[in-house]
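In what follows, chains carry the letters A, B, and so on, assigned in the order in which the sequence lines appear, proteins first and then strands, with residues in each chain numbered from 1. Computation of the quantities below employed the complete heavy-atom set of this structure, encompassing side-chain atoms and omitting hydrogens, waters and symmetry-equivalent molecules.
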2 protein chains.
Amino acid sequence: MEREPMFQKQLTQSDVGKLNRLVVPKQHAINYFPPIDGSSGKIRTMLLSFEDELGKCWRFRYSYWSSSQSYVLTKGWSRFVKEKRLGAGDFVFFEQLREDNDRFFIGWRWRADTQMQDNGVAQPSVVVDGTSVQSQTPPVRESRRLRLFGVNLDC
Amino acid sequence: MEREPMFQKQLTQSDVGKLNRLVVPKQHAINYFPPIDGSSGKIRTMLLSFEDELGKCWRFRYSYWSSSQSYVLTKGWSRFVKEKRLGAGDFVFFEQLREDNDRFFIGWRWRADTQMQDNGVAQPSVVVDGTSVQSQTPPVRESRRLRLFGVNLDC
DNA sequence: CGCCACACCTGGGCG
DNA sequence: CCGCCCAGGTGTGGC
């Protein structure tokens, strides 16, 4: 049951904004995710399942966009961003079981300069956004420094 | 092989800016372009081909945007604007063959106050733009006062 | 009707 | 300098 890192990505503003999609760097997508392509395979989209640190199962639509020749996670991604309260500069990690490369896990961490508030809720010290943004208090959520991957038989 | 004018439009800043689209005045679109609509027809978008003064073929995506109830040329339009170095206030002309109304031509001219520079490159006397714009020397390009429509069998 | 999912599109930047 | 990524957009449709 040993996990093997696949890749990580530092999230851009677009990855966490209204576009509701994560751009998966091309080589990582090709190397680690099931093959979808416009040239060889017929399948341009599929559903991928990932277990998070709580054992919760996240299903993301994984697509190849031929117009921009890019690989993206779309449906379900925005809910993950919202629940984990991820912002630009934060990181997501993708791992798989060494002996079963069809079982995926997803992890994350806030970027280094994220500060804790008195109420134990993380508050980014700098809000990265193109437009003017009021510093808003995020909704209360459990904050744990250790995020362990769990097990979810439904995933 | 006689050409028949369809309509012309003086370009707005939005027509030549980052929106990458030309708004086609509704009555002109209905009168001259193939029918696309949201109410009656099913087809909301199509590809239109136009030959320019050099015989070069330009393919534009022609769409009806129900949200704004407007007819627009989108994909490919920005490349035309850039190559012809069109700006706000310049004009584009749309023509068709009198005996073959499926064959379209596109022409253009700079607005009257466009000045020539020593190097023969046109330089608009006034740069119209919403944001601050430095007066930049445009790339060298052939400047011809007469723009004749050509023929392109691939169009 | 508002939000979001989806399939497009383009320019900038970098190797 | 050119081709490829990909960050950042768009309108449309579904719910």
Side-chain angles (χ1 to χ4, degrees), chain A residues 7-33 36-39 42-48 58-83 86-92 128-131 133, chain B residues 14-24 26 29 36-48 58-86 129-131 133-134 136 138-140:
Chain A
F7 63 94
Q8 75 173 68
K9 186 186 180 184
Q10 187 168 25
L11 300 174
T12 68
Q13 179 56 39
S14 295
D15 289 332
V16 300
K18 301 166 190 166
L19 298 183
N20 301 311
R21 60 104 182 94
L22 170 75
V23 170
V24 181
K26 187 171 188 173
Q27 283 311 311
H28 292 325
I30 294 174
N31 290 338
Y32 297 109
F33 283 172
I36 54 173
D37 205 311
S39 57
K42 277 77 178 161
I43 302 173
R44 278 182 135 87
T45 186
M46 63 186 337
L47 205 62
L48 294 184
W58 295 88
R59 287 192 173 82
F60 302 132
R61 184 185 175 92
Y62 173 51
S63 295
Y64 175 72
W65 285 351
S66 57
S67 58
S68 55
Q69 299 183 12
S70 56
Y71 296 82
V72 288
L73 295 180
T74 58
K75 182 182 178 186
W77 174 250
S78 63
R79 279 183 285 271
F80 181 81
V81 168
K82 190 174 297 179
E83 177 163 322
L86 300 178
D90 294 337
F91 297 86
V92 285
V128 179
D129 196 320
T131 62
V133 169
Chain B
S14 295
D15 290 333
V16 300
K18 300 167 192 168
L19 299 182
N20 300 314
R21 61 105 180 92
L22 170 75
V23 171
V24 181
K26 187 170 185 173
I36 54 173
D37 205 310
S39 57
S40 59
K42 277 75 179 161
I43 302 175
R44 276 181 135 89
T45 184
M46 64 186 340
L47 205 61
L48 295 183
W58 295 87
R59 287 193 173 82
F60 301 133
R61 184 184 175 92
Y62 174 51
S63 295
Y64 175 73
W65 283 352
S66 56
S67 57
S68 56
Q69 297 184 11
S70 58
Y71 297 82
V72 288
L73 296 181
T74 57
K75 180 185 176 185
W77 174 251
S78 64
R79 280 182 284 272
F80 182 80
V81 169
K82 187 175 298 182
E83 178 162 320
K84 305 304 184 186
R85 299 191 49 260
L86 300 177
D129 196 320
T131 62
V133 169
Q134 63 281 19
Q136 54 191 357
V140 177

Rounded to whole Å, please give me the gap between CG in B:L22 and P in C:dT10. 14 Å
Just verifying a value: how many Å separate A:Y64 OH and A:I30 CD1, rounded to the nearest 0.5 Å? 8.0 Å
In dot-bracket, 5' to 3', how would DNA chain C read with Watson-Crick or G-U wobble pairs under 3.5 Å, [ ] for crossing ones and | for pairs to another strand? .||||||||||||||
Determine the contact category for A:W65: base if any of its heavy atoms lies under 4.0 Å from a base atom, sugar-phosphate if only primed atoms, P, OP1 or OP2 are that close, otherwise nothing. base
Would you say C:dG11 has OP1 or OP2 under 4.0 Å from some side-chain N or O of B:N20? yes
Assign each of B:S63 and A:T12 the nucleotide of DNA chain D bearing its closest heavy atom; nearer the 5' end lies the nucleotide of A:T12
Please state how far atom CD in A:Q27 lies from atom P in C:dG15, giving the value in whole angstrom units. 15 Å
Just how far, in rounded Å, is C1' of D:dT12 from CD of B:Q69? 14 Å
Between C:dC6 (P) and B:R44 (CZ): distance, integer Å: 20 Å
Do other residues, nucleotides or ligands put more than 12 heavy atoms under 6.0 Å from A:K75 NZ? no
Does the plane of the ring in A:F60 sit parallel, tilted or perpendicular to the ring in A:W58? Use 30° and 60° as the thresholds. parallel
Tell me whether the side-chain N/O atoms of B:S78 come closer than 4.0 Å to OP1 or OP2 in C:dC9. no
Between P on D:dG11 and CG on A:L19, what's the gap in Å once rounded to a whole number? 13 Å
Would the distance check show the side chain of B:N20 and the main-chain N or O of B:K18 forming a donor-acceptor pair, the cut-off being under 3.5 Å? yes
For a quick test of reading the model: is some side-chain N or O of A:T74 closer than 4.0 Å to OP1 or OP2 of C:dC6? yes
Would you say D:dT12 has OP1 or OP2 under 4.0 Å from some side-chain N or O of B:S66? yes
Looking only at the aromatic ring of each residue, does the gap between the centers of A:F33 and A:Y62 stay below 6.0 angstrom? yes
Would you give the length of the straight line joining atom CG of A:L47 to atom OG of A:S63, rounded to the nearest 0.5 angstrom? 9.5 Å
In whole angstrom, give the distance that lies between atom CH2 of B:W77 and atom C1' of D:dG9. 20 Å
Is any side-chain N or O of A:K75 closer than 4.0 Å to OP1 or OP2 of C:dA5? no
Please confirm whether the shortest side-chain N or O distance from A:R79 to OP1 or OP2 of C:dA5 is below 4.0 Å. yes
Scan B:S68 against the nucleic acid and name what it touches under 4.0 Å (heavy atoms): base, sugar-phosphate only, or nothing. nothing
Can you check whether A:K82 has a side-chain N or O nearer than 4.0 Å to OP1 or OP2 of C:dC4? yes
Nearest 0.5 angstrom please: A:R61 CZ to A:L73 CG, how far? 11.5 Å
If I take atom CD1 in residue A:I30 and atom C1' in nucleotide D:dC6, what distance separates them, rounded to the nearest angstrom? 14 Å
So what does A:S67 hit on the nucleic acid, given a heavy-atom distance under 4.0 Å: a base, only sugar-phosphate, or nothing? base
When only distance counts, do a donor and an acceptor, one from the side chain of A:R21 and one from the base of D:dG8, lie under 3.5 Å apart? yes
Within the side chain of A:K9, is there an N or O that forms a donor-acceptor pair under 3.5 Å with the backbone of A:V23? yes
Provide, to the nearest angstrom, the distance between the NZ atom belonging to B:K18 and the P atom belonging to C:dC9. 21 Å
